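Source: prediction; values computed, not measured. Computation of the quantities below employed the complete heavy-atom set of this structure, encompassing side-chain atoms and omitting hydrogens, waters and symmetry-equivalent molecules.
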There are 2 protein chains.
Amino acid sequence: MPSDEYSYRVLKLLSQNPHLSQRDLAKELGISLGKVNYCLKALIEVGLVKAKNFKNSRNKQAYAYLLTPQGIEEKTKITVRFLNSKLAEFQALKSEIETLRKEVGSHVDTVSE
Amino acid sequence: MPSDEYSYRVLKLLSQNPHLSQRDLAKELGISLGKVNYCLKALIEVGLVKAKNFKNSRNKQAYAYLLTPQGIEEKTKITVRFLNSKLAEFQALKSEIETLRKEVGSHVDTVSE
DNA sequence: ATGATCCCGTTCATCGAGTGAACGCCAGAG
DNA sequence: CTCTGGCGTTCACTCGATGAACGGGATCAT
């Protein structure tokens with residue numbers, strides 16, 4: 001089970017373009033091929049993605065990673081959940097910055113270096 | 001060389017209370033004892049912290065991790081640098097939340113579940 | 001004095017997430 | 001046919017992080 005972050009990002013990319021290869025995804029996501037393989041397998045396992053090859057059943061080059069109906073539905077849920085976690089992160093970050101500003105002891109909006 | 005984050009946090013805690021043990025620091029920072037030991041050694045190595053035992057030179061229980069003058073000075077610089085990185089993070093997070101909101105397709109300020 | 005206990009800093013075997021080179025496979029080009 | 005290239009898959013390897021275990025000093029009860 002990949003994190004919400006990677007589930008979200010993989011599902012988003014695949015919904016935009018099902019023809020991305022695992023290597024494409026790795027480059028796009030900034031992670032390794034091995035990890036993409038792991039995430040993708042998990043998403044297929046739970047039925048959110050289906051690997052379809054439209055040309056020939058033995059041609060891996062023709063793979064398309066299509067979101068299943070469940071995948072489309074779940075993608076929204078995951079996105080909301082991910083958004084919420086980001087909002088919480090946002091609040092925490094705001095507090096931390098507030099604290100740091102007080103420690104620095106000046107009003108810093110943008111700092112050059 | 002610990003990250004700015006840990007340098008900042010360790011220096012902050014020690015400036016507040018030099019009598020914290022490595023175990024105290026570990027608990028406070030939410031990291032392992034081993035990592036604290038590593039960070040602290042590095043800070044001592046570069047001269048930002050000095051381990052002083054005020055009772056007896058052989059009593060480890062009496063250790064105090066005091067910020068050197070350089071440590072006090074550097075603490076401010078590190079804090080500013082850390083703040084800046086947090087501000088950048090803040091902007092990035094803001095953008096990401098914006099994107100996520102658009103994808104969710106509604107105006108979400110706080111979401112219950 | 002002696003032993004038991006406690007907390008200290010230090011060490012290092014162990015772990016696990018992440019990596020990417022290498023493999024077998026297949027299609028298309030020469 | 002061979003050769004090349006991109007595909008998914010695998011797995012030995014890396015490396016930061018972990019915390020149990022250790023030796024040592026202080027304290028206290030015996």
Side-chain angles (χ1 to χ4, degrees), chain A residues 1-11 13-68 71 82 85, chain B residues 1-11 13-68 71 82 85:
Chain A
M1 45 185 126
S3 65
D4 273 351
E5 162 142 21
Y6 286 114
S7 295
Y8 157 71
R9 294 179 69 190
V10 169
L11 292 176
L13 286 173
L14 291 181
S15 69
Q16 290 169 348
N17 180 11
H19 296 293
L20 291 171
S21 72
Q22 292 186 14
R23 277 165 235 268
D24 292 335
L25 287 170
K27 183 170 288 186
E28 199 73 39
L29 297 172
I31 59 178
S32 70
L33 178 57
K35 190 171 181 182
V36 167
N37 186 265
Y38 166 78
C39 290
L40 208 42
K41 269 188 174 173
L43 292 175
I44 291 171
E45 181 69 28
V46 298
L48 302 189
V49 171
K50 190 164 174 58
K52 178 164 191 173
N53 37 9
F54 44 91
K55 262 193 186 174
N56 181 317
S57 68
R58 298 224 210 100
N59 180 7
K60 287 180 179 177
Q61 290 191 74
Y63 264 3
Y65 297 107
L66 298 166
L67 270 62
T68 63
F82 185 51
S85 76
Chain B
M1 46 184 126
S3 65
D4 273 352
E5 162 142 23
Y6 286 113
S7 296
Y8 157 71
R9 294 179 68 190
V10 169
L11 291 176
L13 286 172
L14 290 181
S15 68
Q16 291 170 348
N17 180 10
H19 296 294
L20 291 172
S21 72
Q22 291 184 16
R23 276 164 238 267
D24 292 335
L25 286 169
K27 184 170 288 186
E28 199 73 39
L29 297 172
I31 60 178
S32 70
L33 177 58
K35 189 171 182 181
V36 167
N37 186 265
Y38 166 79
C39 289
L40 208 42
K41 269 188 176 173
L43 292 175
I44 291 171
E45 181 69 27
V46 298
L48 302 188
V49 171
K50 191 163 172 58
K52 178 165 190 173
N53 37 9
F54 42 92
K55 262 192 185 174
N56 182 318
S57 70
R58 300 222 208 99
N59 181 6
K60 287 180 179 175
Q61 290 191 74
Y63 266 3
Y65 297 107
L66 298 167
L67 270 63
T68 63
F82 185 51
S85 76

Looking at [X], does any N or O in its side chain come under 4.0 Å of the phosphate oxygens OP1/OP2 on [N]?
X       : N     : result
B:Gln22 : C:dC8 : no
B:Ser21 : C:dC8 : yes
A:Asn37 : D:dT9 : yes
A:Tyr65 : D:dG8 : yes

Once you build an axis from the first five pairs and another from the last five of the helix from C:dA1-D:dT30 to C:dG30-D:dC1, how far apart in angle are they, to 10 degrees?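 Comparing the axis at each end, I get an angle of 20°.
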Tell me, which pairs form a side-chain hydrogen bond (donor to acceptor under 3.5 Å, both in side chains) where one or both residues lie in residues 40-51 of chain A, sequence neighbours left out?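 side-chain hydrogen bond (donor to acceptor under 3.5 Å, both in side chains) check on residues 40-51 of chain A returns no pairs.
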Give the rounded distance in Å between these two atoms: [atom1] of [X] and [atom2] of [N].
X       : N      : atom1 : atom2 : value
A:Leu40 : D:dC7  : CG    : C1'   : 13 Å
B:Lys27 : D:dA17 : NZ    : C1'   : 19 Å
B:Tyr63 : D:dG25 : OH    : C1'   : 11 Å
B:Leu20 : C:dG9  : CG    : P     : 10 Å
B:Leu29 : D:dT18 : CG    : P     : 11 Å

Apply salt bridge (charged side-chain N to carboxylate O under 4.0 Å, His left out) to B:Glu5 and list each qualifying residue two or more places apart in sequence or on a separate chain.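 With neighbours one apart ignored, the set is B:Arg9.
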If the condition is side chain to side chain donor-acceptor pair (under 3.5 Å), which residues does A:Asn17 pass it with, not counting sequence neighbours?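 So A:Asn17 forms no side chain to side chain donor-acceptor pair (under 3.5 Å) with any residue.
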B:Gly47 and B:Thr68: which non-hydrogen atoms are nearest, and at how many Å?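 For B:Gly47 and B:Thr68, the tightest heavy-atom pair comes out as O-OG1, 2.6 Å.
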Does any N or O donor sit under 3.5 Å from an N or O acceptor when you compare the side chain of A:Arg23 with the base of D:dG6?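 Check fails, no donor-acceptor contact within cut-off.
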Set of side-chain contact (heavy atoms from CB on, under 4.5 Å) partners for [X], sequence neighbours left out:
X       : answer
A:Leu66 : A:Pro18, A:Lys52, A:Ala64
B:Leu33 : B:Gln22, B:Arg23
A:Ala42 : A:Pro2

With sequence neighbours left out, what residues match A:Phe82 under ring-ring contact (aromatic ring centres under 6.0 Å, His included)?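 Once residues adjacent in sequence are excluded, the partners of A:Phe82 under the ring-ring contact (aromatic ring centres under 6.0 Å, His included) criterion are A:Tyr8.
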With the criterion being N/O to N/O and under 3.5 Å, what pairs connect the protein with nucleotides 14-20 of chain C, and how long is each?
from	atom 1	to	atom 2	distance (Å)
C:dG18	OP1	A:Lys35	NZ	3.1
C:dT19	OP2	A:Ser32	N	3.0
C:dT19	OP2	A:Ser32	OG	3.1

Quick check for you: to the nearest 0.5 Å, what is the distance between B:Asp24 atom CG and B:Leu13 atom CG?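 Those atoms lie 10.0 Å apart.
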